[in-house]
Amino acid sequence: MGGFTLSIRDVLERPVFQRARLIAGMGGTDRKVGWVHILEIANVAPYVTKNDLILTTGLWLRHYEQERLSYMQQLIRQEAAGLCVEFGTSIENIPSEVIELADASDFPLIVFEQPVRFVEITQDIHGLLINQQHQMLKDLEAYSRRLQQITLQSTDVNAILHVLYEYTGQQVVYHSTVDTNKFMPRNISAAAAEEITALYRGQVQGSEAAQQEAGQFMLPKERLLLTQPVICLGQTLAHVGLVIPSQQARDRITLLLDYTAKSLASLLLRMLFLEEKMLRDQNQLIQDILNHQIEDEEEARVRMGLRPPKQAEMWFVGGMMETEYGPGEGDLDRDKMESDQQDLLVRLRALLKRHALHNLLMQKGRRIYILCARDKASKDDTPLSLQQTIRKIVDRMQHPASGAPVHRLRVGFGLIRTRMTDIHRSFKEAEQVLEVTRSAAVREGLFYDQIGVYRLLKAIPAETLESFIRDQLGALMAYDQEHHLHLLPTLDMYLKCMGSKNDTAKALYIHRQTLYNRLDKLEEILGEDYLEPSRRICLEMALLALPLIT
């Protein structure tokens, strides 16, 4: 299926050319013959197209030398396949300068030393070309039917690529913008795969026009990469290509690539709709879990595609991931922000899959809801191992490999549970982790069981917490607001330094005398007993809670 080609060498073997002789341009016998024309006029350029084989009685050879050479030069410039001259009607020989020009240009010059019927030549060659064209169309129709069967029966991209490889016998390349790249046959070397991938990155991805058009790119060792975009809903989702010898005919291969690209587009479109439906189902499932609308454990697991409770013990955990933007970044283009979130989703899905975690993901604005599940490997298996796996994934998301976009992420996970129907609590706990870390009170907390006393503080109603903070720190906050003596941060650091004046002064970068003055003022406002255990505990709790309400 590489494509039928009729070359000058093939033409010379036809019965109607038995009495013909090639007298010049022996190096051009591989030239393709696309059609046959009879031309006797001197100005042939407007009537000759690439790969035309020209028949003539040689009337133009009676002209002066320069005009004879001009005739040949026109044919050569137009990339004609060759020239056939009949002796005996107008001329008896070919001038040497014409032969030399044909040899120098590897332009086949064929002579019939006896008169021949041109109509027999045109009928023979045209019949051959038309029959082969008809056969090519039949082959392409069969190829198209086979692709249609595959697209109706499966969503396997590899199946379509394998058919293309069967029909051509050439290396097939599938470069995707949304999936992993694929090669057929698959035993391509890593170096060769990277060479082709780098070519796509350099020549195609950087240009919107190149992404939408078919292309051809030279490869080392006289090879050529023909590529066709796979366009779905106006977006280029992939490119399918073939690596062929640079001298190979490309007509049929180009058509095969076009048929393949259209079949892949149909396949990907169906996959997108299926994926969209799956995502809607996943989103609905997470919404139902968040709203505590699922009470049957077996129903919950079946909807997630997991084994029923009686067949497998599992760990479940709910989490949230938020993208943080710095000053000025909040004005980013909406499309750019959506693109960033999609990149995060793709990377997160890949990492969860790599670590063999069942998962549901739902995106809402800058937040991604994450439900993870893992089979309980053994009786000794503990939630700690699942936490360690999640920590690795989060660390990889926050510190991606070179080339991936970097985002400032805030992540929180609730407690790990054995029932999926209890994960609504895990999501609420994850929300509290985010609120605590967002307040700058805790920076390293990732799991709910790691935020310490903040679990208690978040459980207190906001109104009660605010009242408690006012009772303990209200006078101090009012004095600071009026006199700007930084008494509140001084008290906070003094308590953290366990009452060490030297350590406190160093931590605050102030002179010790300045600290003494502030401590005197603290004692004056708070009372002499503010370091007594019961009072000190209240002050420390209020200082910890303060960032949660500001």
Side-chain angles (χ1 to χ4, degrees), residues 3-130 132-133 216 218 222 224 246-251:
F4 168 76
T5 58
L6 183 67
S7 66
I8 292 294
R9 182 180 294 107
D10 299 324
V11 167
L12 291 172
E13 294 177 0
R14 302 296 297 169
V16 292
F17 278 81
Q18 285 183 350
R19 292 178 294 173
R21 183 165 59 92
L22 182 67
I23 65 169
M26 282 72 174
T29 54
D30 288 329
R31 286 175 178 254
K32 178 183 175 182
V33 177
W35 204 244
V36 181
H37 283 306
I38 303 172
L39 285 175
E40 298 290 0
I41 59 176
N43 183 24
V44 297
Y47 309 101
V48 176
T49 57
K50 186 176 179 179
N51 301 326
D52 283 347
L53 179 62
I54 306 303
L55 306 181
T56 179
T57 60
L59 283 174
W60 52 276
L61 285 170
R62 295 181 176 182
H63 298 169
Y64 292 110
E65 177 181 342
Q66 190 57 43
E67 294 176 343
R68 294 196 293 260
L69 293 177
S70 173
Y71 181 96
M72 289 293 290
Q73 288 166 348
Q74 291 178 68
L75 295 180
I76 293 169
R77 280 197 302 269
Q78 297 298 110
E79 299 184 61
L83 177 66
C84 300
V85 183
E86 178 195 59
F87 288 168
T89 302
S90 301
I91 60 167
E92 299 295 336
N93 58 68
I94 303 292
S96 59
E97 65 272 14
V98 173
I99 295 175
E100 290 172 2
L101 177 59
D103 276 328
S105 304
D106 286 331
F107 183 77
L109 182 56
I110 304 167
V111 298
F112 290 91
E113 296 182 334
Q114 297 178 1
V116 63
R117 296 182 64 196
F118 284 171
V119 67
E120 293 180 359
I121 296 175
T122 56
Q123 286 178 343
D124 180 71
I125 303 301
H126 290 172
L128 187 62
L129 291 170
I130 291 170
Q132 290 295 340
Q133 185 73 12
Q216 56 182 42
M218 289 303 301
E222 297 185 352
L224 190 67
S246 57
Q247 71 276 10
Q248 183 171 338
R250 302 163 201 170
D251 291 351

How far apart are the closest heavy atoms of A102 and L109, and which atoms are they? CB-CB, 4.2 Å
As an exercise, state the distance from CH2 of W35 to OG1 of T122, rounded to the nearest 0.5 Å. 9.0 Å
Show the nearest heavy-atom pair for residues C84 and L53, with the distance to one decimal. SG-CD1, 3.9 Å
Quick one: does H37's side chain get under 4.5 Å of V48's, heavy atoms only? no
Locate the shortest heavy-atom distance separating P108 from D106; write the atom from each residue and the value. CD-O, 3.5 Å
Once the angle between the rings of F112 and F17 is folded into 0 to 90°, is it parallel (under 30°), tilted (30 to 60°) or perpendicular (over 60°)? tilted
Heavy-atom side-chain contact between L224 and M218 under 4.5 Å: yes
Please evaluate residues V85 and I23 with respect to the criterion side chain to side chain contact (heavy atoms under 4.5 Å, CB included), reporting the C-alpha separation (whole Å), side-chain torsions for both, the decisive distance (0.1 Å), and the verdict. CA-CA 11 Å; V85 183; I23 65 169; over 6 Å; no
For G25, does its backbone N or O pair with a side-chain atom of D103 as donor and acceptor, under 3.5 Å? yes
Within-4.5 Å side-chain heavy-atom neighbours: V116 and V16: no
Working to the nearest 0.5 Å, report the span between OG of S96 and CG of L101. 11.5 Å
Main-chain N/O of I121 paired with R14 side-chain donor or acceptor, under 3.5 Å: no
I'd like to know whether I38 forms a side chain to side chain contact (heavy atoms under 4.5 Å, CB included) with T57, so could you lay out the CA-CA distance, the side-chain angles of the two residues, the decisive distance to 0.1 Å, and finally the verdict. CA-CA 9 Å; I38 303 172; T57 60; over 6 Å; no
First locate atom CZ of R19, then atom CD of Q114, and finally report the distance between them rounded to the nearest 0.5 Å. 5.5 Å
Is any side-chain heavy atom of T56 less than 4.5 Å from a side-chain heavy atom of L39? no
So OG1 of T49 and CD of E79: to nearest 0.5 Å the spacing works out to 10.5 Å
Any side-chain heavy-atom pair from E86 and L55 closer than 4.5 angstrom? no
Say whether, by atom type as modelled, one donor and one acceptor occur between the side chain of R31 and the main chain of A80 under 3.5 angstrom. yes
Nearest-0.5 Å distance that lies between atom CD1 in I94 and atom CZ in R68: 10.0 Å
Qualifying residues under ring pair (Phe, Tyr, Trp, His ring centres under 6.0 Å), relative to F107, sequence neighbours excluded: none
Please tell me if the side chains of V44 and I54 come closer than 4.5 Å, counting only heavy atoms from C-beta onward. no
Can you sort out the partners of R9 under side-chain hydrogen bond (donor to acceptor under 3.5 Å, both in side chains), two or more places apart, ordered by chain and number? T29, D30
Calculate, to the nearest 0.5 Å, the distance between atoms CD and OH belonging to Q74 and Y47 respectively. 11.0 Å
